[in-house]
J.: 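Before I ask anything, let me first share the structure, which is written out below as structure tokens.
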Amino acid sequence: MLRRILSIAANTFRETIRNKILYAILAFALFVIGMTFFLADLSVGDFARIIADVGLASIHVFGVIMAVFLGINLVSNEVDRKTIYIILSKPVRRFEFIFGKTLGLSVTLLLTTLAMATVLFLVHLSYRYGGRAEVGIFIASAGIYMELVLLTCLASLFSTFTTPVLSAIFTLSLFLVGHLTKYLYVLGEQSKGTAVRWGSRFLFYLLPNLENFNWKNEVAYGGLKSFSILGWAAGYLVAYAACVLCLSCLLFARKDFK
Amino acid sequence: MKDRARILAIEGLTKSYPTGFWRKPVRVLSDLSFEVRENEIVGFLGPNGAGKTTTIKILNNLAFPDAGKVTLFGGHVRDGADVRRRIGFMPEQPYFYEYLTGGEFLRLCGQLCGMSRANTESRSSELLARVGLSGARGTAIRKYSKGMMQRLGLAQALLHDPELVILDEPMSGLDPMGRMEVRGIIRDLKAAGKTVFFSSHILSDVEALCDRVIMLHKGRKVAEGRVEELIGAETLYVELVISPVLPPARLAAAGIPADAGQAQGDLLVLRAPDNGQANRWMASLLREGCTVLSCVPVKKDLEEIFMERVGGSGATGTAS
């Protein structure tokens, strides 16, 4: 089973790294991150802070574009191109296919995030006014990466039953909502209606809380030095991603290919 | 044939697909039943929309039946990896990962089938040579022609040496040479003890290859049987070719109606309604001093049987 999942993952990784659009997005992301070197001169006070701030925001935005763009086509492309007919006619279970595809894309996103984080680290290090080796860039990037993996799982869930356009809309909606769930909870708790309170609590736990992976501000203000905070976020990612992937597998298990 | 092991059995298979905004179900297969036994070559015939591809998808777990039972190697079709390892499948107009080369794609298939790297490499070389793609092993699939894709599809279906080979329109997109090669491969599979189940529009290929045929129309089975039983059951007419061409008066004197013959150059082609009449005509013609060059009983071919069973106008596909 593991060998089949890894074979599908390796093939998905090969597919994504041969995708020219991915390189175009990555090149543009690296260019923007590189430009923060000059942008820092325009800021007031801690010059290097703007590098980390804008750089991490760039990693986040371009990472989400990559995750959504590649994730929504993860399964639907295989169905549209009918390549799935050959794969699923082999001794491959459908959940192995979903796991392998998601794993392959996660590896691609790991490499692209690492490339962006490394460039940002070097830009930050080489800045002439207060530049330093900011390890927090890698910690915050690890958080962004975990968020991207979760978005990939959500995109692959949607791509099992709907079109790429709708998958993109659903995934981006959850991305936006995922950064606002704590406000949903706070607003719900202030309500006098029990149903509203319970409803907001339910949605708070049901929807992904992507703020669990957000440490950009801590890095920008120099308050993030330890990798230990990754543990809780990784636990949340594993639990949530497992639920999403199980749902994907359940939906995909009964899918008819016309 | 009945004493051979039952490889594939379908009983009462029914399938509908939801269509349109209201997802109104449209029946694609209705109470379809048949079986395929070990070492048979079985042709699955029908026009476009008859339900052939849907049946084949159900056999490959790509679609699920509404009702009915599908058994492969004695187990349920969804029994999992063990059953799938014994089946090779080539879909209609196969598509592959265009960013891979032919060799890389077969390596991926070998990994998915649990084959060792060495075995995959040796089988790939053997099969690529067999389907005429040795020179294209390192070429990206995006550069393959339609015929090359079809050949690669055949190679991947046979890579893990399956016992049952299911081919959906294997001749589609191939030139006459390619069709001949595929026919050769199918015959070789039978000689190697494999079972082959394939769908096709090209009735002449089916007639030349198959032990048995199953004809499908609008999701229902309209005929099933051994090819020689289907085409050999009834003689349409007996064709006599004689020389020289006799004038109508001499034909009438020999007891042959004038409209039974047609001159073709120096030859006269006669159509006798049955063997008895043909014998009587031959005796008369010999008395008239003619030479009988040939006497051939003409039987129905699969195309005629097919058109007869589907009611002619009902067939929407080509039956060539």
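In what follows, chains carry the letters A, B, and so on, assigned in the order in which the sequence lines appear, proteins first and then strands, with residues in each chain numbered from 1.
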J.: Could you tell me whether F161(A) atom CZ has more than 12 heavy atoms of other residues or ligands within 6.0 Å of it?
T.: yes
J.: Quick one: which of I87(A), V92(A), I86(A) has the most heavy-atom pairs under 4.5 Å with chain B, could you say?
T.: I86(A)
J.: Looking at every heavy atom in both A63(B) and D256(A), which two are closest together, and how far apart are they?
T.: CA-OD1, 2.9 Å
J.: At a heavy-atom separation under 4.5 Å, does R254(A) approach chain B through its side chain, its backbone, both, or neither?
T.: both
J.: So which residue, C113(B), G114(B), G88(B), P94(B), ends up with the most heavy-atom pairs under 4.5 Å with chain A?
T.: C113(B)
J.: Name the region of L100(B), side chain, backbone, both or neither, that has any atom closer than 4.5 Å to a heavy atom of chain A.
T.: both
J.: Heavy-atom distance under 4.5 Å to chain A: side chain of L108(B), backbone, both or neither?
T.: side chain
J.: Have a look at Y97(B) and tell me which of R14(A), E78(A), R18(A) forms a side chain to side chain donor-acceptor pair (under 3.5 Å) with it.
T.: E78(A)
J.: So, N60(B) side chain and S89(A) main chain: donor-acceptor pair closer than 3.5 Å or not?
T.: no
J.: I'd like to know if the side chain of Q93(B) pairs up with that of K82(A) as donor and acceptor (distance under 3.5 Å, no hydrogens or angles considered).
T.: no
J.: Go through the side-chain N and O atoms of N11(A) and Y99(B) and say whether any donor and acceptor fall under 3.5 Å apart.
T.: yes
J.: Would you indicate whether R220(B), at its atom CZ, is surrounded by more than 12 heavy atoms from other residues, nucleotides or ligands within a distance under 6.0 Å?
T.: no
J.: Do you know which of R85(B), H160(B), R86(B) has the most heavy-atom pairs under 4.5 Å to chain A?
T.: R85(B)
J.: With respect to chain B, which residue among K90(A), R4(A), R93(A), R81(A) yields the maximal number of heavy-atom pairs within a distance under 4.5 Å?
T.: K90(A)
J.: When heavy-atom pairs shorter than 4.5 Å are enumerated against chain A, which of F96(B), Y95(B), F64(B) gives the highest number?
T.: F64(B)
J.: Please report the C-alpha distance between L88(A) and N61(B) in whole Å, then the side-chain angles of each, then the deciding distance to 0.1 Å, and finally whether the side chain to side chain contact (heavy atoms under 4.5 Å, CB included) criterion is met.
T.: CA-CA 8 Å; L88(A) 292 185; N61(B) 268 341; over 6 Å; no
J.: If you apply the rule side-chain hydrogen bond (donor to acceptor under 3.5 Å, both in side chains), what do you find for Y85(A) with D168(B), and how did you get there?
T.: CA-CA 12 Å; Y85(A) 290 6; D168(B) 196 359; over 6 Å; no
J.: Looking at R6(B), I'd like to know if its CZ atom is crowded, meaning that more than 12 non-hydrogen atoms belonging to other residues, nucleotides or ligands lie closer than 6.0 Å.
T.: no
